[in-house]
2 protein chains.
Amino acid sequence: MATDKPTIDKVASLAKVSKTTISRYLNGRFEFMSDETRKRIRAVIEELDYRPNNLARGLKSNRSGLIGVLVADIGSPFSSILVKGVGDTCKDRGYQTIIANTDNDPQKEREYIRSLIDNRVEGLIVNITGQNDDFLLELKDEGIPIVVADRPMETLSLDTVTSNNAEMTYRTIRHLYEQGFERVAFITQQISQVRTRYVRHQTFLKACRELYGVDGEKWVYFIDPSDVGSLAQELQAFLEMEDGPAAAFAVNGVTLLSLVKAIRELDLVMPDDLGVTGYDDWGWASLIPPGITTISQPSYNVGVQSALRLIQRIKDNRPKPKLIELPSELIVRGSSVRNVK
Amino acid sequence: MATDKPTIDKVASLAKVSKTTISRYLNGRFEFMSDETRKRIRAVIEELDYRPNNLARGLKSNRSGLIGVLVADIGSPFSSILVKGVGDTCKDRGYQTIIANTDNDPQKEREYIRSLIDNRVEGLIVNITGQNDDFLLELKDEGIPIVVADRPMETLSLDTVTSNNAEMTYRTIRHLYEQGFERVAFITQQISQVRTRYVRHQTFLKACRELYGVDGEKWVYFIDPSDVGSLAQELQAFLEMEDGPAAAFAVNGVTLLSLVKAIRELDLVMPDDLGVTGYDDWGWASLIPPGITTISQPSYNVGVQSALRLIQRIKDNRPKPKLIELPSELIVRGSSVRNVK
DNA sequence: TTGTAGGCGTTATCAA
DNA sequence: TTGATAACGCCTACAA
């Protein structure tokens with residue numbers, strides 16, 4: 001740095017008071033301060049454009065003003081909008097967010113968490129990979145405030161903010177059923193340990209049993225979203241399996257995108273050849289004729305609520321873990337509506 | 001925190017050496033350290049799961065290991081992918097990124113920058129709003145390493161990583177011209193002070209002069225992307241203005257999305273009623289029949305290069321500012337290809 | 001090869 | 001109403 005930043009000592013000497021008084025001023029404790037000194041201090045601070053050093057503050061006070069956020073994939077709209085919700089909320093309350101991207105890699109997740117803690121973040125908002133539960137619980141036991149965003153832990157032993165996955169999945173399958181589709185392909189990435197995928201998968205099976213009276217497993221397709229060709233093949237096979245109106249449900253936005261690509265590759269017409277539904281309304285779903293039926297998640301609000309809960313917990317870490325489930329919205333469009341009778 | 005974290009003192013006492021030695025160990029200066037003490041220290045550190053406090057480190061050494069990143073809108077794929085590029089690159093080199101979202105608001109931009117500096121970030125990567133040039137230059141003069149990502153400053157007085165906007169815009173208009181479109185609407189948000197918008201706008205005008213021999217201003221439409229209805233009206237007016245094949249160019253991804261929505265609202269057929277091109281290939285452009293012609297920007301790489309340049313500059317802040325222009329790609333799809341002769 | 005001591009910029013506890 | 005002074009956890013001359 002060319003020009004060295006002014007420190008509290010410099011302010012003190014120019015204002016002709018001790019640094020204790022400056023510190024009081026900085027922390028808004030004017031109770032016993034004469035108006036005169038207060039004004040003098042303010043003048044000096046403005047003059048120097050003095051700003052306290054947060055590292056020093058944090059070191060002394062154990063309050064860094066930093067909140068760590070881990071997301072699985074910042075490149076996906078879900079994560080980035082969630083991050084925005086967190087950021088806006090934290091800013092308003094005097095916190096800065098440090099964001100790290102785990103790429104769904106449990107090892108990266110651990111490394112980043114360690115590093116965030118080294119930077120003395122006051123709390124953590126985690127979109128978990130699902131493979132570090134024990135590690136997270138240790139941290140909790142060490143007293144670090146943690147909120148789990150979007151993907152719950154199986155045990156729910158941490159504060160969790162998510163959306164009503166089971167309900168919406170069921171409702172969507174029922175919608176397809178009521179529209180007269182006679183079978184539904186469930187298109188998903190490997191479940192890995194991702195709890196939302198798991199819940200959606202299980203709910204799908206349940207809906208198949210209760211509505212179609214079948215074991216849904218035969219309609220489940222595990223795919224790699226980047227390999228549209230294979231997906232197209234699988235889809236073809238699904239369609240040829242039986243006659244009658246068929247539909248598909250994509251487990252998340254990335255998968256839905258692949259699904260629509262595969263449909264285009266096969267030159268299928270929605271909903272006649274295949275009814276289409278799935279997770280994540282990312283702006284383009286309405287544009288693809290005849291409009292894709294999607295479940296729109298409250299990502300921004302998940303971010304906001306996670307941040308609020310975390311900040312609460314930073315102030316008082318005693319409360320029992322709480323589960324907050326925010327509602328998603330099923331947006332029905334042409335791709336799942338059969339106009340034939 | 002329930003269990004207090006171990007400090008360097010604790011490690012020192014358990015390892016029966018002074019904290020100087022521990023500090024040496026932590027910083028990898030084993031040159032004059034006996035193998036035995038080294039092992040002993042390692043054992044104690046593992047045993048305690050000791051990790052140094054970054055705040056204390058940064059306070060003393062003036063190296064926080066933090067890099068600040070400001071983006072205009074983290075919710076847009078452009079920003080979030082850029083952020084990912086920055087994050088990946090920084091992580092590999094031992095830096096953490098603090099990300100802040102300015103919402104294109106110059107005041108927020110200033111506030112965030114101040115706050116990042118309070119946290120002693122070692123450098124800044126900024127997707128500038130374009131209205132804080134003086135402020136940024138002051139910071140530069142104070143010795144803070146800064147890289148401008150995507151949106152250049154008019155004066156180029158800072159390191160800049162961006163893409164070849166002028167070239168790609170010109171090439172796209174020429175493509176439309178060569179396809180026999182007789183006029184081109186330029187759909188844009190308010191330029192504000194956003195340099196990329198400005199450059200694209202100016203290039204459009206230039207292309208109009210050189211190719212069509214007209215003043216392109218009459219074909220420029222300033223729109224609010226969230227107001228699809230108005231855009232549809234304007235588009236209608238543009239189409240009715242004259243006969244002959246007409247096309248449109250959207251200045252960025254957000255605008256392109258609105259444009260396509262408006263086209264759907266008006267029930268226009270691409271490319272017969274309107275040829276469509278524009279910035280940002282965000283995954284869905286290929287899905288909308290007949291496929292939308294887009295310019296795909298190297299966002300990830302802009303992030304990577306920005307980070308690399310910044311880290312270089314953190315090490316040596318003397319070099320003259322450099323402009324790095326990365327190539328974008330024009331992806332021609334059905335929306336701009338006239339198959340009639 | 002290792003240790004002593006002082007300081008980084010704050011905050012907090014006393015005492016005045 | 002204000003000020004000395006001692007931390008916070010680490011790094012680094014300098015000394016041994």
Side-chain angles (χ1 to χ4, degrees), chain A residues 1 3-42 44-45 48-66 94 115 117-122, chain B residues 1 3-42 44-45 48-66 94 115 117-122:
Chain A
M1 313 270 161
T3 68
D4 277 320
K5 291 191 198 311
T7 74
I8 201 172
D9 278 304
K10 188 154 188 182
V11 177
S13 78
L14 287 182
K16 301 188 198 310
V17 290
S18 78
K19 53 184 187 170
T20 309
T21 310
I22 308 295
S23 176
R24 286 203 188 94
Y25 176 94
L26 293 174
N27 294 289
R29 290 201 304 270
F30 307 119
E31 306 117 48
F32 303 110
M33 198 179 299
S34 73
D35 265 18
E36 203 206 339
T37 35
R38 181 182 357 181
K39 276 183 202 145
R40 204 142 29 90
I41 293 176
R42 188 177 34 182
V44 174
I45 285 181
L48 290 179
D49 194 21
Y50 164 76
R51 313 208 85 212
N53 179 333
N54 260 353
L55 297 186
R57 271 192 153 169
L59 177 58
K60 180 65 195 174
S61 66
N62 245 324
R63 297 199 354 94
S64 63
L66 261 26
S115 155
I117 293 178
D118 293 347
N119 283 297
R120 292 303 182 268
V121 294
E122 296 184 38
Chain B
M1 313 273 160
T3 67
D4 277 318
K5 290 193 200 306
T7 76
I8 202 174
D9 278 305
K10 189 156 187 178
V11 177
S13 78
L14 286 182
K16 300 189 198 309
V17 290
S18 79
K19 51 186 191 168
T20 309
T21 310
I22 308 294
S23 176
R24 288 205 186 95
Y25 177 93
L26 293 175
N27 294 292
R29 290 202 304 271
F30 307 119
E31 307 117 50
F32 304 111
M33 198 179 299
S34 73
D35 265 20
E36 201 207 343
T37 37
R38 186 190 343 190
K39 276 183 202 146
R40 203 143 28 93
I41 293 175
R42 189 179 30 182
V44 173
I45 286 182
L48 289 179
D49 194 20
Y50 165 76
R51 313 207 85 213
N53 179 334
N54 260 353
L55 297 186
R57 273 192 152 168
L59 177 58
K60 180 64 196 178
S61 66
N62 246 323
R63 298 199 353 95
S64 64
L66 263 25
S115 154
I117 292 178
D118 293 346
N119 284 297
R120 292 302 182 268
V121 294
E122 296 184 36

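Proteins get letters first, then strands, A, B, ... in listed order; numbering begins at 1 in each. The shown structure was predicted, so the numbers you read here are calculated from the model rather than taken from an experiment.
- Around the CD atom of B/Glu31, the shell of radius 6.0 Å holds more than 12 heavy atoms that belong to other residues, nucleotides or ligands.
- In terms of heavy-atom proximity, B/Tyr50 sits nearest to B/Thr7 at CE1-C, 3.6 Å.
- Contact of A/Arg120 with D/dG9 (side chain to base): no donor-acceptor pair of N or O atoms is detected under 3.5 Å.
- Residue A/Ser23 places no side-chain N or O under 4.0 Å from the OP1 or OP2 atom of C/dA12.
- In this structure, A/Ile8 places its CD1 atom 11 Å from P of C/dA12, rounding to the nearest Å.
- The distance between atom CG of B/Asp118 and atom P of C/dT10, rounded to the nearest whole Å, is 10 Å.
- Put simply, CZ on A/Arg57 is 14 Å from C1' on C/dA12, counting in whole angstrom units.
- Within the 4.0 angstrom heavy-atom criterion, only backbone atoms of the sugar-phosphate kind lie near B/Thr21; the bases stay farther away.
- Atom CG of A/Asp9 is separated from atom P of C/dT11 by 12 Å (rounded to the nearest Å).
- Nearer the 5' end of DNA chain D, as judged by each residue's closest nucleotide, is the contact made by A/Ser34, out of A/Ser34 and B/Asn53.
- You'll find the side chain of B/Asn53 stays beyond 4.5 Å of the side chain of B/Lys5, heavy atoms only.
- A straight line from CD of B/Glu36 to C1' of C/dT2 spans 13 Å, rounded to a whole angstrom.
- One interatomic measurement links the two molecules: OH of B/Tyr25 to C1' of D/dC11, which rounds to 18 Å at whole-angstrom precision.
- Whole-Å rounding puts the B/Lys60 NZ to C/dT10 P distance at 15 Å.
- Distance A/Phe30 CZ to D/dT2 P: 12 Å, rounded to the nearest Å.
- The shortest distance between side-chain heavy atoms of B/Ser64 and B/Asn119 does not fall below 4.5 Å.
- Close to D/dG9, at under 4.0 Å from its OP1 or OP2, lies no side-chain N or O of B/Thr7.
- Between D/dT2, C/dG3, C/dT10, one nucleotide has an atom nearer to the side chain of A/Met33 than all others, and that is D/dT2.
- For A/Lys19 against C/dT10, a side-chain N or O and a base N or O form a donor-acceptor pair under 3.5 Å.
- Residue B/Asn27 is in sugar-phosphate contact alone, with no base atom involved, counting any heavy-atom pair closer than 4.0 Å across all strands shown.
- Looking at A/Thr20, its side chain comes within 3.5 Å of the base of D/dA4 through a donor and an acceptor atom.
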**OP:** Apply the test side chain to side chain donor-acceptor pair (under 3.5 Å) to residues A/Asn54 and B/Asp118: give CA-CA distance (whole Å), side-chain angles for both, the deciding distance (0.1 Å), then the verdict.
**Re:** CA-CA 5 Å; A/Asn54 260 353; B/Asp118 293 346; 5.2 Å; no
